[in-house]
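Everything below concerns the one structure shown next.
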Amino acid sequence: MNRTLIQDVLTARKIGESATVAGWVRTVRHSKGGFSFLSLNDGSCFAQLQIVADQSLPNYEAEVLHLSAGCSVVVAGELVASQGKGQAVEMQARELRVLGQCDAETYPIQPKHHSFEFLRTVAHLRPRTNTFGAVARVRNRICSAIHEFFQQRGFLYVHTPIITASDCEGAGEQFGVSTLDPAAPPRDEKGQVDFAQDFFGRRTYLTVSGQLAVEPYCCSLGDVYTFGPTFRAENSNTPRHLAEFWMVEPELAFADLDDDARLAEDFLKFIFSAVLQNCADDLKFFNERVDKTILETLQGIAESEFVRLSYTEAMDILGKANRTWDYPPKWGADLQTEHERFLTEETFHRPVIVTDYPAAIKPFYMYLNDPDEQGRRTVRAMDVLVPKTGEIIGGSQREHRLDVLEGRMSDCGLNRDDYWWYLDLRRYGGIPHAGFGLGLERCVQFCTGMANIRDVIPYPRTPRNAEF
RNA sequence: UCCCCGAUAGCUCAAUCGGUAGAGCGAGCGGCUGUUAACCGCUAGGUUCAAGGUUCGAGUCCUUGUCGGGGAGCCA
């Protein structure tokens, strides 16, 4: 069909021009004067195009008068200056064809307010609403900005596997992948399930991170990034966690943690600027209906410097704070949510990059710092914390010294043989390198103000929920 | 997984001390109207999440379960 997107009609077409548009009716208002007003949305932008359909249309009485919210139509007509308020231009229909009827009695998306909880139960129809259309467009813009940012800087896009054999990537519980019959799996002599007879001849899992798999490409080709789905089988029931989510993981060659933090800050600012620039109508809607601070916050961040401080400095600030804690800050323990919020929302009012966490609470692959004057060991890790969402990025400089890495693996109780290829990178031409992971959905949450992560991904997967 | 809260009409919610289950929106019909969160009138619409229990009587109290929300942990 040779149609014009409503976005183009509203921005690029002039009064007097003809066009054909197609979309879904949002609301219908019939006038006894012999004409009807349709609000038409086709997803190309937030705005609706008002269609004026009058009784000169041959199907006016038979079809137009029976249209309701949700019907799909194709309209050919001419752009005219609107006589009413609320829109500058509208389309005078010359021909209106109904593509799909929509029973108003049973259609779940009524022209009224719905709760996000209810809309989750109709996830296949919620993209027809203002909110979820806007979320989808912002999410898309963020994804294109991610690729733009890295491609402009010469990063290579690398596809890491979804299915992995390493069962100790260190980032959480994993989903097993198997084609064995769960009711009657083959058993070995000890009565254990014999995964040697499974599809891959060994135990396999869905990936919890592409990092380990992308490092070899970084240590061969330079700056790289991976961007794909990630799976965590944690029983997490929060507005910030999904069992299936998307993660961007750049890996910088010949780089340390300072380079990494600088990249993370530039990266987030690039994304926020892109969204501000290209999704103005959607953001205006979020700012009015979802979170009245979202525009101010995004603009403020795009222009301000992120705060940098070490874990030890953060502990000092928290320790001196004049308030009571559910978890009193203590060097050696991880930052609690209340600590993170205090830093971002009450102390600095902007993103904070916390670096150099105690080695004992971080994974084996992070670069080990020299002991401080008190003999405490830290690693070159960083978390980028933002107001409300909390941790949006986690990253580190990687340990590239073979002996130190092997020592850390022993301390963590890991078997070197399982990581022979990972250790090879340090054995043969090892280089300092660093990287981070950005949770895409948390980024979408931050840009839209949507409170629940289940509402920024089309079909959320969470414990006990894989509908649609 | 732990703590707290909730589940009533298609949707959003109300229902006093345990005593006849209501409103708004939406829908249908009619009126009015270059309308646009339209407006006015009428009508239909209920296994009060499920299963037990207490009681003359349960939407309301008790138990268990399911689902949802908020907080925490795990993290992105």
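Chain naming here is simple, since letters A, B, ... match the order of the sequence lines and numbering starts at 1 in each. None of these values were measured; they are calculated from a predicted model.
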Distances for protein N or O near nucleotides 12-15 of chain B N or O, under 3.5 Å:
residue: B/U12; atom: OP1; partner: A/S115; partner atom: OG; Å: 2.6

Taking only nitrogen or oxygen atoms into account, show me every contact under 3.5 Å that the protein makes with nucleotides 40-46 of chain B, one pair per line with its distance.
none

What nitrogen or oxygen pairs link the protein and nucleotides 31-33 of chain B at under 3.5 Å?
residue: B/U33; atom: N3; partner: A/H30; partner atom: O; Å: 3.3
residue: B/U33; atom: O4; partner: A/H30; partner atom: O; Å: 3.0
residue: B/U33; atom: O4; partner: A/K32; partner atom: N; Å: 2.8

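Separating the C1' atom of B/A15 from that of B/A7 is a span of 15 Å, rounded to the nearest Å. Nucleotides B/C11 and B/U16, compared at atom C1', are 26 Å apart to the nearest Å. For the C1' atoms, the distance from B/G46 to B/U8 is 8 Å, rounded to whole Å.
Side-chain contact of A/T160 with A/T226: a donor-acceptor pair under 3.5 Å is present, judged by distance alone. No side-chain donor-acceptor contact under 3.5 Å links A/H147 and A/S144.
Electrostatic pairing of A/R262 and A/D259 counts as a salt bridge here, judged by a charged N lying under 4.0 Å from a carboxylate O.
Considering only residues two or more places apart in sequence or on other chains, A/E251 meets the salt bridge (charged side-chain N to carboxylate O under 4.0 Å, His left out) condition with A/R398. A/E95 meets the salt bridge (charged side-chain N to carboxylate O under 4.0 Å, His left out) test with no other residue; sequence neighbours excluded.
A/I457 places its CD1 atom 12 Å from the C1' atom of B/A76, with the value rounded to the nearest Å. A/D383 has its CG atom 12 Å from the P atom of B/C74, to the nearest Å. Summarising the geometry, the separation between CD on A/E340 and C1' on B/A76 is reported as 12 Å, rounded to the nearest angstrom.
Every pair passing side chain to side chain donor-acceptor pair (under 3.5 Å) that includes a residue from residues 9-23 of chain A is listed here, sequence neighbours excluded: A/T4-A/R13, A/S18-A/R94.
Between A/S236 and B/G73, a side-chain N or O to OP1/OP2 separation shorter than 4.0 Å is absent. For A/N452, a side-chain nitrogen or oxygen approaches OP1 or OP2 of B/G69 to under 4.0 Å.
With its glycosidic angle more than 90° from 0, B/C32 adopts the anti conformation.
Summarising the base pairing, B/A37 is matched to no nucleotide, lacking a Watson-Crick or G-U wobble pair whose two defining distances lie under 3.5 Å.
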Start with the C-alpha distance between A/Y367 and A/S396, add both sets of side-chain angles, then the distance that settles side chain to side chain contact (heavy atoms under 4.5 Å, CB included), and finish with yes or no. CA-CA 7 Å; A/Y367 187 94; A/S396 67; over 6 Å; no
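Taking only side-chain atoms of A/N237, from C-beta outward, the nucleotide of B/G70, B/U1, B/U35 with the closest atom is B/U1. The side chain of A/L242 lies closest to B/A76 when the candidates are B/A76, B/G10, B/A72.
Taking the six-membered ring where the residue is Trp, A/F364 and A/Y422 present perpendicular rings, their angle passing 60° and hence far from 30°.
The only member of A/F155, A/F272, A/F306, A/F150 that meets ring pair (Phe, Tyr, Trp, His ring centres under 6.0 Å) when paired with A/F267 is A/F150.
Under 3.5 Å, the side chain of A/R29 and the base of B/C39 form no donor-acceptor pair of N or O atoms.
Both the sub-6.0 Å distance and the 45° axial angle are not jointly satisfied by A/R26 relative to the ring of A/W24.
Considering only heavy atoms from C-beta on, A/L96 comes within 4.5 Å of A/V64 through its side chain.
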